[in-house]
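Accompanying notes for the structure given below.
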Number of protein chains: 2
Amino acid sequence: MSDKRLQLVITAFKLFYSKGVHAVGINEILSESGVAKKTLYHHFSGKEELVSAVLEFRDQRFHNWLKSRLDQATPGPDKVGGLFDALDDWFNDRVDELLPFHGCFFINVSAEFSEPNNLLHQLCCRHKERVAQLIRTQVETLDLEPVEVNAFTNALCLLKEGAVSLAHVQGDRLAAIKAKATALQLLQGNKSVRS
Amino acid sequence: MSDKRLQLVITAFKLFYSKGVHAVGINEILSESGVAKKTLYHHFSGKEELVSAVLEFRDQRFHNWLKSRLDQATPGPDKVGGLFDALDDWFNDRVDELLPFHGCFFINVSAEFSEPNNLLHQLCCRHKERVAQLIRTQVETLDLEPVEVNAFTNALCLLKEGAVSLAHVQGDRLAAIKAKATALQLLQGNKSVRS
DNA sequence: ACAGGAGTAGACCGATCTGTCTACTATGCG
DNA sequence: CGCATAGTAGACAGATCGGTCTACTCCTGT
């Protein structure tokens, strides 16, 4: 990846994430990044392709961050707690590499490009699927019954997305903690059923 | 409320909801609604005030719909099931008055006006609080212990928002059903602890 | 009768948008 | 050397944006 290209993507993400895609013009990205307009259109065919590159950039950054956080947790229920502890750090701006919290970038972009067959919307969908897969692999270390693996993964994804929404729309800085409590309660219930 | 004013609000909502606020211009709303520009600026000081009125409109419509659906359910666990059955109908376009599903309008607007001190963002926040209060009153009919009322209300709100996100971003038409199963499982766990 | 409020149609304004283009520079490679 | 590549600065084009304004019509209440 070219130096200028990366610079554009990073600057564009920062602006898109805090103001929204439609609210940020090409010229603002250019002046903020100090890159010439011709260079932008050399690397990208247009704004949509830039947004697409920004989505891929954030997808990688976020995925890598979450994966490393989950890898740190010891296998077992701590994986579940670790997921929501990570979210808690994110919501409360304790993760520099994710930038100050403004909700989930992919939910935000989906809101602006709402049609399901829109390319950008589909990229957002794929990100969510990748993260869900990451969570699924954690749940699989929990020695639940196969049917419960599916159900509990679904529950964790629901609670995670719910927490993101609460934290962003309502500014509920405790959203991740609440979700954690609920998730652990569910896990407890799952175990007691089995024993 | 004047006839033309209502017409503007309804048309604006339809367009904002399916395309996003920034993506829809004043002129599109005017030509779609067949109202003159001067009339719009007679009723509203500007676009922001129109958006604000649209938010209030949707808040009332949504709140009334959900309340009537919850009132229909028989008191007890059926209230919880009824909540997610209502969401399921919404997600799958079986509720005409809510228009075809494009996620939660308030989450979408929050994404476009991301700063917490933005007026429109705050209106979205208030809507969520109103709905949360509605859910809380249902939970209070469940004869749980006081501490559990809070926790279970939080859990239901998290699952509800999570289901909305899954349904919109990932197009998961079963999101409400999954959330319902999780909620009932939680409720079951709560009861078994108490008995 | 008539004043004023609500409405229409649409020209117009300045700003801003995405995207193109010209002219020029620096660098690295065969 | 010669030439393509990546870059800068910025004028420019055409469209669209939110918002103002003029000129006119219709209706209603005093």
Side-chain angles (χ1 to χ4, degrees), chain A residues 1-57 105 108-109 111-115 118-121 123, chain B residues 1-57 105 108-109 111-115 118-121 123:
Chain A
M1 176 125 68
S2 151
D3 184 35
K4 294 293 171 180
R5 185 190 149 101
L6 181 61
Q7 214 169 320
L8 282 167
V9 168
I10 289 175
T11 306
F13 170 71
K14 193 180 71 184
L15 293 170
F16 288 157
Y17 185 42
S18 65
K19 301 185 181 184
V21 173
H22 282 119
V24 174
I26 291 291
N27 295 312
E28 188 177 353
I29 298 168
L30 294 175
S31 65
E32 182 83 8
S33 64
V35 173
K37 190 175 274 196
K38 185 115 197 192
T39 306
L40 189 155
Y41 284 97
H42 171 72
H43 287 293
F44 306 99
S45 68
K47 190 180 182 182
E48 176 165 328
E49 202 169 289
L50 174 60
V51 178
S52 167
V54 169
L55 285 171
E56 190 190 334
F57 168 78
F105 183 56
N108 295 354
V109 172
E112 290 198 75
F113 302 91
S114 181
E115 297 302 324
N118 177 285
L119 172 69
L120 301 175
H121 190 109
L123 290 176
Chain B
M1 174 128 65
S2 152
D3 184 37
K4 294 292 173 182
R5 185 190 149 100
L6 182 60
Q7 212 169 323
L8 283 167
V9 169
I10 290 176
T11 307
F13 169 70
K14 192 179 73 182
L15 293 170
F16 287 157
Y17 185 42
S18 64
K19 300 184 182 183
V21 173
H22 282 119
V24 174
I26 290 291
N27 294 312
E28 188 177 354
I29 297 169
L30 294 174
S31 63
E32 182 82 9
S33 64
V35 172
K37 190 174 272 197
K38 185 115 197 197
T39 305
L40 189 155
Y41 284 97
H42 172 71
H43 288 291
F44 306 98
S45 68
K47 189 180 183 182
E48 176 165 326
E49 203 169 287
L50 173 61
V51 178
S52 167
V54 168
L55 285 171
E56 191 191 333
F57 169 78
F105 184 56
N108 294 355
V109 172
E112 290 198 74
F113 302 91
S114 181
E115 297 302 324
N118 177 284
L119 172 67
L120 300 176
H121 191 108
L123 290 176

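Convention: sequence-line order gives letters A, B, ...; per-chain numbering from 1.
With rounding to whole Å, Leu40(B) atom CG is found 13 Å from dT8(C) atom C1'. Straight-line distance from the NE2 atom of His22(B) to the P atom of dT18(C): 12 Å, rounded to whole Å. Atom P of nucleotide dG5(C) and atom CG of Asp3(B) are separated by 20 Å, given to the nearest angstrom. Glu28(B) has its CD atom 15 Å from the C1' atom of dA15(D), to the nearest Å. In this structure, Lys19(B) atom NZ and dC17(D) atom C1' are separated by 15 Å, rounded to whole Å. One can place CD of Glu49(B) at 10 Å from P of dG19(D), the figure rounded to the nearest angstrom. Regarding Asn27(B), its CG atom lies at a distance of 17 Å from the P atom of dC17(C), rounded to whole Å. Per the geometry, CD belonging to Gln7(A) stands 12 Å off C1' belonging to dG7(D), to the nearest Å.
Not one N or O on the side chain of Lys37(A) forms a donor-acceptor pair closer than 3.5 Å with the backbone of Ile26(A). Side chain of Thr11(A) to main chain of Leu8(A): no donor-acceptor pair is present (N/O by atom type, distance under 3.5 Å, no hydrogens or angles). The main-chain N or O of Ser33(B) is found under 3.5 Å from a side-chain atom of Gln7(B) such that the two form a donor-acceptor pair.
Between Ser2(A) and dA6(D) there is no side-chain polar atom (N or O) within less than 4.0 angstrom of OP1 or OP2. Between Lys38(A) and the phosphate of dC24(C), there is no side-chain N or O to OP1/OP2 separation shorter than 4.0 Å. For Lys47(B) and dC17(D), the shortest distance from a side-chain N or O to OP1 or OP2 is not below 4.0 Å. Applying the 4.0 Å criterion to OP1 and OP2 of dG7(D), one finds that His43(A) has a side-chain N or O inside that range. Side-chain N/O atoms of Thr39(B) include one lying less than 4.0 angstrom from OP1 or OP2 on dT8(C).
The residue among Gly25(B) and His42(A) whose nearest nucleotide of DNA chain D is located toward the 5' end is His42(A).
Side-chain atoms of Tyr41(B) lie closest to dG18(D) of the nucleotides dT20(C), dT8(D), dG18(D). Side-chain atoms of Lys37(B) lie closest to dA11(C) of the nucleotides dT8(D), dT8(C), dA11(C).
Note: Phe13(A) CZ to Ile29(A) CD1 = 12.5 Å, rounded to the nearest 0.5 Å.
The minimum heavy-atom distance between Val21(A) and Glu112(A), with the atom names listed, is N-OE2, 2.7 Å.
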